[in-house]
Amino acid sequence: CSAEYKLDGERFQIHKDGDVVNIFSRRLENITHMYPDAVKLTIEHIKVDKAIIEGEAVAYNPDNGDDMPFQLLMQRRRKYKIEEMMAKIPVRVYLFDCLYDGEDLTLKPYPHRIERLDTITDPTDEFKPVERLETSDPEELDRFFQQSLAEGTEGLIVKSTSDESIYRAGARSWLWVKL
């Protein structure tokens with residue numbers, strides 16, 4: 001399996017076509033206008049012209065670098081004073097899946113999609129793959145789980161790395177388990 005930190009943020013689906021970026025919420029609401037900083041980061045740090053990637057925006061404290069709670073991030077959901085809130089509540093974008101990078105990857109197994117995500121991303125502190133561990137050792141998974149809690153996350157999302165781990169929008173079944 002692949003275990004990833006479960007973060008306290010807003011899930012994104014980012015569509016990049018050259019310098020045009022659209023960001024959609026979990027319910028496919030276009031929320032691009034609320035996250036001009038995430039648009040800029042996408043343009044700067046996704047190395048391919050066209051991509052669809054999934055990730056999560058998490059508010060962080062610029063003074064100490066700590067990730068902040070979801071409730072603070074939700075103050076970014078607005079139509080006005082977006083630049084002011086962007087300065088007050090900056091975000092990091094943690095990436096966890098690649099659905100398209102010039103090729104439809106949705107029918108490819110999860111490990112292939114992650115490999116492609118890592119290939120097309122130029123990571124920085126504000127735009128990077130989520131912390132993850134691939135393992136088949138339950139003790140190693142437990143240590144990673146304890147580490148994730150110590151670092152203030154909500155736990156882990158444990159994902160299958162089998163050949164059946166194709167992308168299934170909205171339906172996780174036993175391919176994704178929250179721990």
Side-chain angles (χ1 to χ4, degrees), residues 1-16 21-46 51-99 110 113-114 117 121-133 141-159 167-179:
C1 68
S2 179
E4 300 176 352
Y5 281 9
K6 183 175 181 328
L7 304 170
D8 193 16
E10 181 168 24
R11 185 166 177 182
F12 276 177
Q13 189 175 85
I14 303 170
H15 294 234
K16 179 182 186 276
V21 173
N22 286 291
I23 300 173
F24 298 93
S25 72
R26 178 180 302 229
R27 292 180 178 83
L28 298 180
E29 172 190 3
N30 190 325
I31 55 174
T32 307
H33 69 281
M34 291 182 256
Y35 294 100
D37 43 356
V39 168
K40 183 176 185 280
L41 289 166
T42 300
I43 292 167
E44 292 173 351
H45 301 289
I46 294 296
I52 300 174
I53 54 177
E54 291 194 333
E56 191 151 340
V58 177
Y60 75 95
N61 181 330
D63 295 330
N64 63 18
D66 290 347
D67 288 344
M68 303 300 287
F70 176 75
Q71 290 77 8
L72 184 66
L73 177 68
M74 285 301 90
Q75 293 178 34
R76 295 274 307 249
R77 285 195 145 248
R78 56 184 46 236
K79 293 182 181 178
Y80 308 103
K81 297 185 180 181
I82 290 170
E83 296 290 328
E84 178 184 319
M85 291 308 288
M86 188 173 76
K88 182 179 173 185
I89 306 170
V91 296
R92 280 194 184 100
V93 179
Y94 292 95
L95 308 172
F96 50 77
D97 212 338
C98 182
L99 309 182
Y110 174 76
R113 298 193 316 270
I114 289 304
L117 177 65
T121 306
D122 179 23
T124 67
D125 190 49
E126 287 82 28
F127 194 87
K128 60 187 174 185
V130 68
E131 190 75 26
R132 66 179 178 260
L133 169 73
L141 180 62
D142 185 57
R143 282 192 296 277
F144 192 62
F145 175 66
Q146 297 306 323
Q147 173 186 317
S148 75
L149 295 177
E151 293 185 21
T153 74
E154 296 183 326
L156 299 174
I157 300 289
V158 182
K159 300 178 179 181
Y167 184 80
R168 291 174 175 89
R172 300 295 175 244
S173 66
W174 288 103
L175 297 175
W176 282 28
V177 178
K178 295 178 185 180
L179 180 62

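In this text the structure is predicted, and so the values were computed from the model without any measurement. Throughout, residue positions are numbered sequentially from 1 according to the sequence presented.
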Should Lys159 and Asp97 count as an ion pair when the cut-off is N to O under 4.0 Å?
no
Heavy atoms only: give me the nearest [X]-[Y] pair and the separation to one decimal.
X: Leu73; Y: Ala57; result: CD2-O, 3.2 Å
X: Ile89; Y: Ala59; result: CG2-CB, 3.5 Å
X: Phe12; Y: Ala38; result: CE1-CB, 3.9 Å
X: Ser148; Y: Gly155; result: OG-O, 3.5 Å
X: Val58; Y: Gly9; result: CG2-CA, 4.1 Å

Criterion side chain to side chain contact (heavy atoms under 4.5 Å, CB included) on Leu99 and Gln13, from CA distance to verdict
CA-CA 9 Å; Leu99 309 182; Gln13 189 175 85; 3.4 Å; yes
Looking at [atom1] of [X] and [atom2] of [Y], how far apart are the two atoms once the value is rounded to the nearest 0.5 Å?
X: Met34; Y: Asp37; atom1: CE; atom2: CG; result: 12.0 Å
X: Lys16; Y: Asn22; atom1: NZ; atom2: CG; result: 12.5 Å
X: Leu41; Y: Lys128; atom1: CG; atom2: NZ; result: 12.0 Å
X: Glu154; Y: Leu149; atom1: CD; atom2: CG; result: 10.0 Å
X: Arg92; Y: Thr124; atom1: CZ; atom2: OG1; result: 9.0 Å
X: Phe24; Y: Thr32; atom1: CZ; atom2: OG1; result: 6.0 Å

Quick check: does any side chain N or O of [X] sit under 3.5 Å from a backbone N or O of [Y], one acting as donor and the other as acceptor?
X: Asp8; Y: Pro69; answer: no
X: Thr153; Y: Leu7; answer: no
X: Arg132; Y: Phe96; answer: no
X: His45; Y: Thr121; answer: no

Residue pair Phe127, Ile46: steps toward the side chain to side chain contact (heavy atoms under 4.5 Å, CB included) verdict
CA-CA 9 Å; Phe127 194 87; Ile46 294 296; 3.7 Å; yes
Taking the six-membered ring for Trp, are Tyr94 and Tyr5 closer than 6.0 Å centroid to centroid?
no
So do the side chains of Lys6 and Leu156 get within less than 4.5 Å of each other, counting heavy atoms only?
no
Start with the C-alpha distance between His33 and Ile82, add both sets of side-chain angles, then the distance that settles side chain to side chain contact (heavy atoms under 4.5 Å, CB included), and finish with yes or no.
CA-CA 8 Å; His33 69 281; Ile82 290 170; 3.8 Å; yes
Is there a side chain to side chain contact (heavy atoms under 4.5 Å, CB included) between Trp176 and Arg168? Walk through the geometry before answering.
CA-CA 10 Å; Trp176 282 28; Arg168 291 174 175 89; over 6 Å; no
Testing Met85, Glu10, Lys88 for side chain to side chain contact (heavy atoms under 4.5 Å, CB included) with Arg76, which one passes?
Met85
